[in-house]
Amino acid sequence: MALTSKQKQYLRGLAHNLKPIILVGNKGISENVLAEFNHAIEHHELIKVKLSSTDRDERTQMAQQIANQTTSEIIQCLGKTAIFFRPSEKNKIQVP
């Protein structure tokens with residue numbers, strides 16, 4: 001699922017008013033975090049995740065790990081917040 005820059009721009013606009021649903025603490029990414037992430041993204045398709053690490057590279061690695069393990073796409077990483085998208089079977093969000 002490769003999204004174009006225009007599609008990512010559209011999804012960033014939709015995610016602007018969203019609040020982070022998942023908070024990844026200092027213990028990092030556990031099976032429980034991934035299970036909750038999968039449940040949330042299946043229901044919402046587009047979610048924000050708050051990453052608590054203070055190191056920029058570590059936050060990027062955490063976001064990439066989540067995306068790889070959940071077959072979702074990173075839309076944007078900005079500060080401590082990452083936006084993820086994965087279409088569900090219901091296709092609530094119609095990406096142009």
Side-chain angles (χ1 to χ4, degrees):
M1 162 186 59
L3 296 172
T4 66
S5 61
K6 287 289 184 186
Q7 290 171 325
K8 286 184 178 183
Q9 181 181 7
Y10 173 75
L11 291 170
R12 278 194 306 270
L14 291 178
H16 181 72
N17 293 326
L18 297 178
K19 302 276 188 234
I21 293 177
I22 307 292
L23 303 174
V24 179
N26 293 331
K27 295 184 180 181
I29 301 166
S30 66
E31 291 299 320
N32 291 337
V33 170
L34 292 175
E36 188 64 31
F37 180 92
N38 278 322
H39 177 71
I41 203 161
E42 185 63 34
H43 185 263
H44 297 285
E45 292 185 324
L46 184 67
I47 63 171
K48 281 187 179 178
V49 175
K50 192 80 156 180
L51 306 167
S52 67
S53 175
T54 57
D55 183 34
R56 179 186 209 177
D57 294 330
E58 188 177 342
R59 287 192 308 265
T60 303
Q61 289 175 353
M62 291 170 92
Q64 193 61 49
Q65 180 183 356
I66 291 171
N68 290 341
Q69 292 184 356
T70 60
T71 64
S72 60
E73 178 122 6
I74 300 171
I75 302 302
Q76 183 180 31
C77 285
L78 187 61
K80 292 185 176 186
T81 305
I83 302 169
F84 294 89
F85 175 72
R86 183 176 75 193
S88 70
E89 294 175 5
K90 298 174 186 169
N91 285 332
K92 295 178 187 176
I93 298 174
Q94 299 298 323
V95 180

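No hydrogens, no waters, no symmetry mates; every other heavy atom, side chains included, goes into these values. What you see is a predicted model; the values in this text were computed from it and never measured. One is the number of the first residue; the rest follow in order along the sequence.
- The closest donor-acceptor contact from the side chain of Gln76 to the backbone of Ala82 lies at 3.5 Å or more, if one exists at all.
- The distance from atom CZ of Arg56 to atom SG of Cys77, rounded to the nearest 0.5 Å, is 10.0 Å.
- Considering only residues two or more places apart in sequence or on other chains, Lys48 meets the salt bridge (charged side-chain N to carboxylate O under 4.0 Å, His left out) condition with none of them.
- With side-chain heavy atoms closer than 4.5 Å counting as contact, directly or through intermediates, the hydrophobic cluster containing Ile66 also holds Ile21, Ile22, Val24, Ile29, Val33, Leu34, Phe37, Ile41, Ile47, Val49, Leu51, Met62, Ile74, Phe84.
- The minimum heavy-atom distance linking Ser53 with Lys80 is given by the pair O-CE, 3.7 Å.
- We find the CD1-CD distance between Ile75 and Glu73 to be 5.5 Å, quoted to the nearest 0.5 Å.
- The environment of Asn68 atom CG is dense: over 12 non-hydrogen atoms of other residues, nucleotides or ligands sit within 6.0 angstrom.
- Applying the side chain to side chain donor-acceptor pair (under 3.5 Å) rule to pairs touching residues 28-45 yields Asn38-Arg86, Glu45-Ser88, sequence neighbours excluded.
- Of all non-hydrogen atoms in Gln7 and Pro96, the two that sit nearest each other are NE2-O, 2.8 Å.
- With contacts defined as side-chain heavy-atom distances shorter than 4.5 Å, the pair Leu14/Leu11 qualifies.
- With hydrogens and angles left out, the side-chain atoms of Gln61 and Asp57 include no donor and acceptor closer than 3.5 Å.
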